[in-house]
Amino acid sequence: MNNNNTLDLYGVLYAESNDEDQRKILYEFVTNGVLLNVIGILGIFGNIISMIILSRPQMKSSINYLLIGLARCDTVLIMTSVLLFGIPAIYKYTGYLFVYYFKVYPHLVLVVYPLALIAQTVSVYLTLTVTLERFVAVCHPLQARSLCTYGRARLYVILIILFSTLYNLPRFWEVQLVELTYESKYNTTLYEVNMSPLRNNPFYISIYIHWLYLIFIYFLPFTSLAVLNAAIYRQVRRANQERQRLSRLQKKEIGLATMLLCVVVVFFLCNILALVNNIFEAFYGNPPDQVVATSNMLITINSSVNFIIYVIFGEKFKRLFLKLFCSHGWLGVGGRDSPDANTHDDSVVSNGDGRSYSLRNSHMCHLHRTGTSIVRNGSTTNGNSSSIHRSTRIPRAPSPGPCVYYPARTIGGGGEWENEHTTTTTLNKL
């Protein structure tokens, strides 16, 4: 196909549009074609760094396992957002990426659209699981040791993935690929995505698309997050008033809960517009194009800023980030991540009478393997094997994480998919 034919077809989308449609296309280009793509690419790098840091041996814990899953889902959602909304917005305004818009994109939608909704559901319920874990750790610390375990975290992730996949299985049959009539004029086969008969079914739209989606993706997790975080906030305020009487571990738990509150606030702010769009669509029809484009951009921002939140509020996360990426340790010259590395500042040595000595204290006791003598502050005392004190490490609680999910407008490149009155196909985040 020559360039003139490409521009001729491009004129159908923009050059021959009226002023109002051109303003919509320009707004979508700025919000989705530019901002969404740039923020999304940076967010992918941030999520990859987060996964690397959270996977370090000294960061191993139940909540960090959940956060790694959230970072993976965020990465998938950003990629699907770029493929479904970012790149098509560039073509609509500039006319570039013609092959992607009419050949690659329609085929990708058949798989990317359901995959995005599966990842969206996983992210929502992983965020709820992280919040529940923090609620138990802060409000019911005695039960945290048995409930907040690494094995349980892995089980929760598996169950959430299974539930999300089964719940979104019908999405694979909502769209279908059709050939456009332009192929005879442009000497090539072009495609678009249209709604399937299932997606046109009024009963399916009313029950599954509207009510079940609003209940399971919005109202149920939204309400649960609000209630749990209200309880966490009250406990954090009470603990801050008695901060001097808190143990070091309790202070870390409170600090981690505070960071989670910040994550959830950002989550609500970025997803409230998506909730409004879905409610508007369910009862009044399709929301304005500019509002949907803004919602998609906000969802991508929410999926991309978790790394920044971790660096600002997570002391141990920031320390490991600087060690791995901002020092000679990244080049292999620095120290190894051994159990005694400087990131482990929680170790204590306790003696038989219950007192504890910090391992970083200059008056700590030195244990010698050769013999049974123990050297303490320069003096030597004899003892048997029972006199040797074990060193223990109190694991440091990790940081909480986010979740993604955006609303979808039309995923097709025109045709009935965009013109028929049905639900939008934009991914929505809470």
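Quick caveat: nothing in here was measured; it's all calculated off a predicted structure. One-based numbering along the sequence shown.
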inquiry  = Rounded at 0.5 Å granularity, tell me how far OG in Ser295 sits from CG in Asn277.
reply    = 5.0 Å
Residue pairs involving residues 25-41 (criterion salt bridge (Lys or Arg N to Asp or Glu O under 4.0 Å); sequence neighbours excluded) = Glu28-Lys92
message = Run the side-chain contact (heavy atoms from CB on, under 4.5 Å) test on Ile299 and Gln120 for me, step by step, so that the C-alpha distance in whole Å, both residues' side-chain angles and the decisive distance to 0.1 Å come before the verdict.
response = CA-CA 11 Å; Ile299 297 306; Gln120 162 191 332; over 6 Å; no
ask   = Does some side-chain heavy atom of Ile90 sit less than 4.5 Å from a side-chain heavy atom of Tyr100?
value = no
ask   = Is the gap between the ring centers of Tyr218 and Phe222 under 6.0 Å?
value = no
message = So, taking the atom named CE in Met297 and the one named SG in Cys270, what distance separates them when rounded to the nearest 0.5 Å?
response = 9.0 Å
Distance in Å, Asn229 CG paired with Ile232 CD1, rounded so as to fall on 0.5 Å steps = 5.0 Å
key: Chi angles and distances behind the side-chain contact (heavy atoms from CB on, under 4.5 Å) call for Lys316, Gln58   = CA-CA 10 Å; Lys316 189 171 184 178; Gln58 57 266 54; 4.3 Å; yes
query = Within the distance-only criterion (no hydrogens, no angle test), does the side chain of Asn64 pair as donor or acceptor with the backbone N or O of Met59 below 3.5 angstrom?
reply = yes
ask   = Going by heavy atoms in the side chains, are Thr31 and Leu36 under 4.5 Å from each other?
value = no
query = Which distance, rounded to the nearest 0.5 Å, do you find between the CD1 of Ile49 and the CZ of Phe321?
reply = 5.5 Å
key: Euclidean distance, Leu108 CG relative to Tyr113 OH, rounded to 0.5 Å   = 15.5 Å
message = Walk me through whether Phe172 and Ile118 qualify under side-chain contact (heavy atoms from CB on, under 4.5 Å).
response = CA-CA 11 Å; Phe172 285 93; Ile118 292 174; 4.2 Å; yes
With Glu133 via salt bridge (Lys or Arg N to Asp or Glu O under 4.0 Å) - residues at least two apart = none
key: Counterpart residues, side-chain hydrogen bond (donor to acceptor under 3.5 Å, both in side chains), relative to Asn168 (two or more places apart)   = Thr121
ask   = Heavy-atom distance under 4.5 Å between the side chains of Ser62 and Thr149, does that happen here?
value = no
request  = Scan residues 20-60 for pairs that pass ring pair (Phe, Tyr, Trp, His ring centres under 6.0 Å), counting only residues two or more places apart or in two chains.
outcome  = Phe29-Tyr93
remark   = Residues passing the ring-ring contact (aromatic ring centres under 6.0 Å, His included) test with Tyr150, sequence neighbours excluded, are Tyr65
remark   = Residues passing the ring-ring contact (aromatic ring centres under 6.0 Å, His included) test with Phe283, sequence neighbours excluded, are Trp211
request  = Could I get the full list of side-chain contact (heavy atoms from CB on, under 4.5 Å) partners for Val311, not counting sequence neighbours?
outcome  = Phe307, Phe317, Lys318
request  = Please name all residues satisfying side-chain hydrogen bond (donor to acceptor under 3.5 Å, both in side chains) with Lys103, sequence neighbours left out, ordered by chain then number.
outcome  = Thr188
ask   = Mind checking what makes ring-ring contact (aromatic ring centres under 6.0 Å, His included) contact with Tyr208, not counting sequence neighbours?
value = Tyr167, Tyr204
task = Could you label the plane-to-plane angle of the Tyr284 and Phe280 rings as parallel, tilted or perpendicular, counting under 30° as parallel and over 60° as perpendicular?
result = tilted
note = Tyr233 meets the ring-ring contact (aromatic ring centres under 6.0 Å, His included) criterion, sequence neighbours left out, with none
key: pair Val263-Phe313: side-chain heavy atoms closer than 4.5 Å   = no
task = Name all residues meeting the side-chain contact (heavy atoms from CB on, under 4.5 Å) criterion together with Leu220; count only those two or more places apart in sequence or in a different chain, and write none if there are none.
result = Tyr125, Phe216, Ser224
message = According to salt bridge (Lys or Arg N to Asp or Glu O under 4.0 Å), does anything in residues 300-314 pair up with another residue at least two apart or in another chain? List the pairs.
response = none
inquiry  = Measuring only between side-chain heavy atoms, which start at C-beta, is Ile44 closer than 4.5 Å to Val82?
reply    = no
ask   = Do Leu190 and Phe98 come within less than 4.5 Å of each other through their side chains, counting heavy atoms only?
value = yes
Chi angles and distances behind the salt bridge (charged side-chain N to carboxylate O under 4.0 Å, His left out) call for Glu174, Arg171 = CA-CA 5 Å; Glu174 285 188 5; Arg171 302 289 186 177; 3.2 Å; yes
Chi angles and distances behind the side-chain contact (heavy atoms from CB on, under 4.5 Å) call for Val264, Leu228 = CA-CA 11 Å; Val264 173; Leu228 292 174; over 6 Å; no
